[in-house]
Amino acid sequence: MIALVLPALSFADTLIHNVRGYTPTQSGIHSFTALVFNDEGKILATGTDELIGKYANARAIDAGGKFMLPGLTDAHAHLYNLGFLAGSLNLVGTPSLKAAIGKIERYADSNPRVPWILGRGWNQVLWAVKEFPRASDIDPVVDDRPVWLRRIDGHAGWANTKALAIAGIDDDTADPIGGRIIRDSNGKATGVLIDQAKGLIDMHVPVPGKDGIRDAYSRAIDSLVAQGMTGMHDAGINITEAEVLMSMADDNELDMRIYAMLSDAGKNLDAMGKPLKGYGNDRLDIRTVKLYSDGALGSRGAAMIEPYSDDPENRGLPFNTQDELNSFVQKANDMGFQVGIHAIGDLGNRMALDAFEKAQGGKRSPLRNRIEHAQIIALEDIPRFAELGVIAAMQPTHATSDMNMAEDRIGPERILGAYAWRRLLDSGAVVASGSDFPVEKSNPFLGLYAAVTRQDSAGMPEGGWYRDQALTRAEALRSFTLDAAYAAHQEDRLGSLEAGKWADFIIVDRDFFEIPAAQIDDIRVLQTWVGGQRVYDVSE
Ligand SMILES: [Zn+2]
């Protein structure tokens with residue numbers, strides 16, 4: 001506030017002008033043409049070009065008439081998985097066995113210190129000879145290190161001879177229950193393992209050490225800031241990962257803000273002991289525990305109150321009894337941790353709400369408990385989010401990826417409470433948006449586009465899927481900024497471009513509020529700034 005009174009005395013302020021800026025605020029969208037921040041990286045003011053005279057000593061940057069938005073936050077995603085996939089061997093779309101072998105050889109050459117060569121995405125159906133590949137195809141290019149490559153659908157893995165040997169798989173190894181070792185006509189294991197048989201090799205793949213985790217985080221963060229993200233909520237880390245994040249914050253290597261949830265409530269929570277708040281200049285918070293109420297909808301693991309419409313004997317299965325869930329929530333809340341419960345089915349969501357209601361004594365809680373996904377909710381349960389102050393952390397692109405499958409699974413009535421962003425907002429609930437990357441693509445503009453259009457990237461279905469549940473552009477932006485910040489207890493310092501908050505913003509190539517909705521997913525990020533420091537520039 002002192003800087004607001006005495007702006008002209010500071011020589012270390014930065015003024016960005018000739019910009020068309022928008023920010024959500026508690027009273028709606030505010031627009032501006034100039035923004036000033038101080039050398040700490042905190043915003044001093046937004047306004048018109050009159051600020052140029054008022055901050056005459058500031059370093060001035062002409063934004064060339066481009067567009068400014070607050071940095072975007074993905075409120076539910078998986079940082080390590082994104083970084084791991086980006087660093088592993090990608091065989092998606094490889095058109096021939098020969099091309100696949102070429103990629104394996106090049107990856108091995110350029111990653112000489114990687115102890116296991118891991119990859120995914122091969123699909124023999126795309127190849128001229130549509131047969132499973134063999135260990136002996138890989139051996140001529142890599143025989144001194146194990147190679148283990150998952151098929152595109154995840155149900156099969158392809159190993160070289162070294163990996164088979166490490167796992168002790170030979171011609172006499174029996175097929176495990178629920179799995180199969182592919183063999184030739186002589187009974188010899190050829191190198192492809194199906195379903196449960198994959199575990200024979202998976203169990204030997206070393207868990208990543210701290211260096212490997214740090215590399216994956218750095219890779220992921222580099223790609224995220226280039227897409228306009230200045231923060232993300234990591235939906236599940238372990239204690240080793242927490243230590244890596246803390247040391248990265250200590251070393252000034254977190255170029256974006258990470259709000260991480262501890263998975264596996266028992267041991268990670270006990271090891272952590274107490275919540276970590278605002279660590280490293282607000283770069284890192286670990287004050288949440290991630291729990292699971294049920295599984296996924298595609299595999300019918302989501303717990304439903306009534307049976308699946310396309311499988312009348314099956315209601316899915318809750319992961320815990322209600323008593324177990326209640327006691328996990330109670331313990332974490334008692335230790336001062338927010339709880340985020342993964343809940344997909346209407347029973348999964350009801351159990352999560354019941355557990356929160358019990359732990360919170362039927363009232364709202366300052367811990368702001370959350371439901372992750374909140375995908376299918378019984379209509380009568382929707383008002384409970386607002387009543388209990390439970391945040392719905394949702395993923396707009398899940399709706400447009402799942403829409404056809406979801407309607408098969410649950411039918412035309414229950415679908416009204418599915419991906420029901422509008423109903424939740426209208427009930428007074430806070431909706432924070434994300435992508436669940438790498439399950440979905442990480443680009444947050446795909447989420448903004450899906451939230452506004454309820455269409456997939458091809459523009460289907462015409463008019464949008466259950467269009468009445470779409471968000472306005474202002475609501476969509478708010479769910480990726482101010483309400484994501486609220487879900488993280490950070491709305492006093494993040495989520496909007498207002499005096500006193502961190503200067504976390506992006507410069508983009510077109511006007512989010514003025515372009516046709518069909519172009520929202522084409523928006524390109526030109527610059528990303530976190531805490532007043534430029535962490536990405538498209539021209540570099
Ligand atoms: Zn997730």
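In listed order, ligands and their atoms are each counted from 1.
Taking backbone and side-chain atoms together, H373 has no N/O/S atom less than 2.8 Å away from the Zn ion (ligand 1). Between the Zn ion (ligand 1) and H76 there is an N/O/S contact shorter than 2.8 Å.
Applying the side-chain contact (heavy atoms from CB on, under 4.5 Å) rule to D521 yields the partners L446, Y449, S457; only residues at least two apart in sequence or on another chain are considered. For W158, the ring pair (Phe, Tyr, Trp, His ring centres under 6.0 Å) partners at least two apart in sequence or on another chain are W122.
If you look at D436 and ask which of its N, O or S atoms sits nearest the Zn ion (ligand 1), the answer is OD1. Looking at H78, its N, O or S atom nearest to the Zn ion (ligand 1) turns out to be NE2.
Here the side chain of Q360 pairs a donor or acceptor atom with the backbone of L388 at under 3.5 angstrom.
Electrostatic pairing of R454 and D468 does not count as a salt bridge here, judged by no charged N lying under 4.0 Å from a carboxylate O.
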